[in-house]
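These figures come from a predicted structure and were not determined experimentally. A note on names: the letters A, B, ... follow the listed sequences, proteins ahead of strands, and every chain is numbered from 1.
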2 protein chains.
Amino acid sequence: MVYRLWTYLYYPIFSLMLFHFRDRFPQLNAYWDKYLPFQKRMEVSAKTILLEEGERSQNYIFIEKGCVRVFFNNNGDDKTVQFFFENEGLASLDSFMNDIPSLFSIETIEPSVLYLLPKKHVLQLMDEISHEAAFSKMAMQMTAMRQMHYMNEFISSIRDTAEQRYQNLLQDRPHIIQRVPQHYIASYLGVSKVHLSRIKSKLAKGKLHF
Amino acid sequence: MVYRLWTYLYYPIFSLMLFHFRDRFPQLNAYWDKYLPFQKRMEVSAKTILLEEGERSQNYIFIEKGCVRVFFNNNGDDKTVQFFFENEGLASLDSFMNDIPSLFSIETIEPSVLYLLPKKHVLQLMDEISHEAAFSKMAMQMTAMRQMHYMNEFISSIRDTAEQRYQNLLQDRPHIIQRVPQHYIASYLGVSKVHLSRIKSKLAKGKLHF
DNA sequence: GAAAGTTGATAACATATGTTATCGTTAGCC
DNA sequence: GGCTAACGATAACATATGTTATCAACTTTC
């Protein structure tokens, strides 16, 4: 019960950290820097599991170089939920906050340079940052943006075909298509890898002009 | 620019009003009651358009009796995004907040009793309520819940078949299936009405035991 | 109470998408 | 440098889903 309330309170703060913390809110960089000494630097190869589905999330992960994906297992094949790149951070939020088994696994896609900040220090950081004057405005902005993002994904799922969703991705977030293996993108779009290959082939043909 | 910032600030407050305001947070009922005199009561028949796609949202709508749906037009046929029932309130948020043409239409499904609160008074109410001590905690809770909701819808869309999504609806929100015409539910699930009918027929057969 | 519209089931057919398998290319590993 | 796994394209077939049309039951309207 206490845990739950606490989750909701700190949710937006955590969101702040999760997405483009450094780029978007340079005013808060000092807080982040203060906790640099507590972070553990890691250089890992591609396909390194950072958190296994069912384990409890103990670290906040910041990506200096490389990219990772969040996924879960669904009757044998895995479904990718989200991709993260340089200067983004992540954790399996529900697991991290409520100390429950994670619903998701986290894995590197490319060889990556990561910083891990243990839970204990994340909590301290949250505590300090919430005293910052400009904080609440930013927290709400971040949260609203996340809500919009997921709402748009949902609306897209009932409005657009897989082909249209692929083209949206191509237009809005081309870096994902450039850097992520195709079968992960397929599961992110909710289609089989064979079908995504067909979509690409169809689009390529449409672009040929004789 | 000013509008945008303002949107983000008041987003969670608005969320508070939007969903189960009265039921979930009785502490805030006094604020609501204070603005009762400014609300316009309406009794309308089914299929009454309350807001047309492209218009600017001018009122916050509270449902005393009946239900409504939010939808948009997509190449001729419309796609339902969400349903609202008794003691819930709604508006086309982006339009209401930023005074831009609405992306969605709002329409009653059943004959309904509604209260409309003009924008001007909604803004005053928001202003007052944000001074309430318990407010920020609740605002964040509401916002986190909305975020979770849309995230779960998104994950369900890449994980589940239409049949499984129908069964989820049946289990988690059976009132929707009981009260909403089937073709609206079909578009909400992202399938054709014919296919939803097939799903129902298949499930009905599965339940027969000879 | 007749006419018109709404809702839902079903059939027939077309298209979209999944599944399995094969193959060539590339990348990592010892 | 050769072995192995990962990746992506493609084909063949099976299943899922969309489209159009028809019909019956029910509601609303006048």
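- For the pair B/Pro111 and B/Ser192, both in contact range of DNA chain D, the more 5′-proximal nearest nucleotide belongs to B/Ser192.
- Between A/Arg198 and B/Ala162, the one whose closest nucleotide on DNA chain D sits nearer the 5' end is A/Arg198.
- Minimum atom distance to the side chain of B/His183 is reached by C/dT7, of the listed C/dA11, D/dA9, C/dT7.
- In this structure, A/Glu110 atom CD and D/dA6 atom C1' are separated by 15 Å, rounded to whole Å.
- Relative to the side chain of A/Gln182, the nucleotides D/dA9, C/dG18, C/dT10 differ in distance, and D/dA9 lies closest.
- In the set D/dG18, D/dC7, C/dT10, the nucleotide with an atom closest to the side chain of B/His195 is D/dG18.
- The side chain of A/Ser197 lies closest to D/dT10 when the candidates are D/dT10, D/dC7, C/dG18.
- Going from atom CD1 of B/Ile185 over to atom P of C/dA9 covers 11 Å, rounded to whole Å.
- In this structure, A/Lys193 atom NZ and C/dT22 atom C1' are separated by 12 Å, rounded to whole Å.
- Rounding to whole angstrom units, CG of residue A/Leu203 and P of D/dA9 are separated by 12 Å.
- Residues B/Lys47 and A/Asp77 each lie close to DNA chain C; by heavy-atom proximity, the contact nearer the 5' end of the strand is made by B/Lys47.
- Below 30°, between 30° and 60°, or above 60°: for B/Phe62 and B/Tyr115 the angle between ring planes is between 30° and 60°, a tilted geometry.
- Of the candidate nucleotides D/dC7, D/dA9, C/dA12, D/dA9 has the atom nearest to the side chain of A/Lys200.
- Nucleotide D/dA16 holds its P atom 17 Å from the CG atom of B/Leu189, rounded to whole Å.
- Distance B/Glu107 CD to C/dT6 C1': 12 Å, rounded to the nearest Å.
- Scanning all heavy atoms of the two residues, the minimum distance from A/Ser102 to A/Glu52 falls at CB-O, 4.5 Å.
- The side chain of A/Val194 lies closest to C/dA21, out of C/dT10, C/dT7, C/dA21.
- For B/Ile199 and C/dT10, the CD1 to P distance is 14 Å, given to the nearest whole Å.
- A cation-pi contact links B/Arg69 to B/Tyr184, judged by a cut-off of 6.0 Å to the six-membered ring centre and 45° from its axis.
- In this structure, A/Lys119 is positioned above the aromatic face of A/Phe96, its NZ or CZ under 6.0 Å from the six-membered ring centre and within 45° of the axis.
- B/Glu153 and B/Tyr188 share a donor-acceptor pair across their side chains, judged by distance under 3.5 Å alone.
- Rounded to an integer number of Å, the gap from B/Ile177 CD1 to C/dT7 C1' is 16 Å.
- Set against C/dT6, D/dC7, C/dG8, the side chain of A/Pro181 has D/dC7 as its closest nucleotide.
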